[in-house]
Amino acid sequence: MAAGGGGAGTQGWGVPLTQYFSISAVNDAVAGESARSYSEQGLFTNLVNSVKSGDYVIIEFGHNDASAGTVDNGKQDAVGDSYNITSIVTTSNFAYYIENAIVALEAKGAIPIISSLTPDNIWTNGVIAAGGRFVTYAQSIGTRRNITYIDHYAYVAQAYDALGQMETTSFYPIDHLHTNAAGANVVAQAFVRGLLCGNTTLKSKVNTAGQAVPNGCI
């Protein structure tokens, strides 16, 4: 999502996303951050302080939130899907960080949208591999908070499956995670498709180019 992606010619999907809307957008994504580190570094606080009533805020995390092993890297979240954690842990879970931000954003009159993380370039039997726990976590947050949820994973997987493994792999110049500009545009289009297939009022701000993005509703 972040501008510049992972470096070395990669790009985040938040950059091309703006061309599909009739309203201006600010990309506050920061490469390499997790829900936890974005919270602990005060970036969510900065975001909350900057929004105005009626602003839409798209929240998508997950790629950097998984366990880093025995040494805490400052990004991994505690494992679990519920908002309240019953055991004493040194970190909170994914839902805790995201839902605290959602509550603060709604208190400012902003309209948060939770989006699942996007697929890596990993295939199983000719199709993109199924999503993991962070897809489920994002969906659960949308349900608990009664906000719009976009299954970005599924819509990107649909786009990649339609393009095929060879073309999709050309979008990944350095690893299986970070796309180039062309891949970022496919990922952005998939988000717009998911948005158009949902019930959020943000879809009324999708312009003609956005209305024409490929693929259908899932």
Side-chain angles (χ1 to χ4, degrees), residues 1-2 5 11-29 33-35 38 44 47 51 54-65 81 83 94-95 97-103 105-106 110-120 128-163 168 171 177 179 183-207 209-218:
M1 192 181 217
Q11 185 60 281
W13 65 270
V15 175
L17 181 68
T18 59
Q19 68 185 301
Y20 299 114
F21 289 89
S22 60
I23 55 175
S24 60
V26 176
N27 186 357
D28 283 328
E33 301 301 339
S34 67
Y38 202 86
F44 264 133
L47 173 61
V51 300
D55 285 349
Y56 295 91
V57 182
I58 300 165
I59 302 173
E60 181 176 306
F61 286 92
H63 283 297
N64 299 301
D65 293 80
D81 191 23
Y83 176 73
F94 185 78
Y97 297 115
I98 299 294
E99 293 191 42
N100 278 351
I102 289 170
V103 170
L105 287 165
E106 289 182 327
I111 305 166
I113 294 172
I114 182 71
S115 176
S116 64
L117 85 173
T118 55
D120 288 358
I128 287 291
R133 60 189 173 99
F134 288 100
V135 174
T136 303
Y137 291 172
Q139 183 177 25
S140 296
I141 290 168
T143 300
R144 272 195 303 272
R145 302 307 313 178
N146 193 29
I147 64 172
T148 296
Y149 164 67
I150 305 295
D151 192 347
H152 202 185
Y153 192 102
Y155 279 97
V156 174
Q158 174 184 240
Y160 284 176
D161 288 345
L163 292 169
T168 298
F171 299 150
L177 173 60
T179 63
N185 190 48
V186 172
V187 175
Q189 290 179 338
F191 178 85
V192 175
R193 176 51 62 198
L195 195 73
L196 291 171
C197 292
N199 58 7
T200 173
T201 55
L202 180 56
K203 66 182 181 181
S204 68
K205 309 300 183 183
V206 175
N207 61 22
Q211 296 288 340
V213 297
N215 301 309
C217 296
I218 297 175

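Quick note: numbers below take in every heavy atom, side chains included, and nothing from hydrogens, waters or symmetry partners.
Around atom NZ of Lys205, no more than 12 heavy atoms belonging to other residues, nucleotides or ligands sit under 6.0 Å away.
Taking all atoms of both residues into account, the shortest heavy-atom contact from Gly216 to Cys197 is C-SG, 4.2 Å. Of all non-hydrogen atoms in Gly54 and Ile111, the two that sit nearest each other are O-CD1, 4.0 Å. The two residues Ile141 and Ala95 have their closest heavy-atom pair at CD1-CA, 3.8 Å. Minimum heavy-atom separation, Ala188 to Pro16: CB-CG, 4.0 Å. Taking both residues in full, the closest heavy atoms of Gly194 and Ile150 are given as O-CD1, 3.7 Å, listed atom of the first, atom of the second, then distance.
Residues satisfying the ring-ring contact (aromatic ring centres under 6.0 Å, His included) test with Phe134, not counting sequence neighbours, are Phe94, Tyr137. Residues that satisfy the side-chain contact (heavy atoms from CB on, under 4.5 Å) test with Ala129, not counting sequence neighbours, are Ile122, Thr124. Listed by chain and number, the residues in a ring-ring contact (aromatic ring centres under 6.0 Å, His included) with Phe44 are Tyr38, Phe61 (sequence neighbours excluded). Partners of Val135 by side-chain contact (heavy atoms from CB on, under 4.5 Å), not counting sequence neighbours, listed by chain and number: Ser116, Leu117, Tyr149, Asp151, Tyr153. Among residues two or more places apart in sequence or in another chain, the ring-ring contact (aromatic ring centres under 6.0 Å, His included) test is passed with Tyr160 by none. Not counting sequence neighbours, the partners of Asp120 by the side-chain hydrogen bond (donor to acceptor under 3.5 Å, both in side chains) test are His176. For Gln211, the side-chain contact (heavy atoms from CB on, under 4.5 Å) partners two or more places apart in sequence, or in a different chain, are Leu196, Val206. Looking at residues two or more places apart in sequence or on another chain, you find a side-chain contact (heavy atoms from CB on, under 4.5 Å) between Ile218 and Ala154, Tyr155, Gln158.
Although no hydrogens or angles enter the test, the distance criterion places a donor-acceptor pair under 3.5 Å between the side chain of Thr143 and the main chain of Gln139.
Residue pairs that meet the side-chain hydrogen bond (donor to acceptor under 3.5 Å, both in side chains) test with at least one member in residues 183-201, sequence neighbours left out, are Gln19-Asn185, Tyr20-Asn185, Tyr20-Gln189, Tyr56-Thr201.
In this structure, the separation between OG on Ser34 and NE2 on His63 is 13.0 Å, given to the nearest 0.5 Å. Here the OG1 atom belonging to Thr168 is positioned 7.5 Å from the CG atom belonging to Asp161, to the nearest 0.5 angstrom.
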Apply side chain to side chain contact (heavy atoms under 4.5 Å, CB included) to Ile59 and Leu105, showing your working.
-> CA-CA 11 Å; Ile59 302 173; Leu105 287 165; 3.9 Å; yes
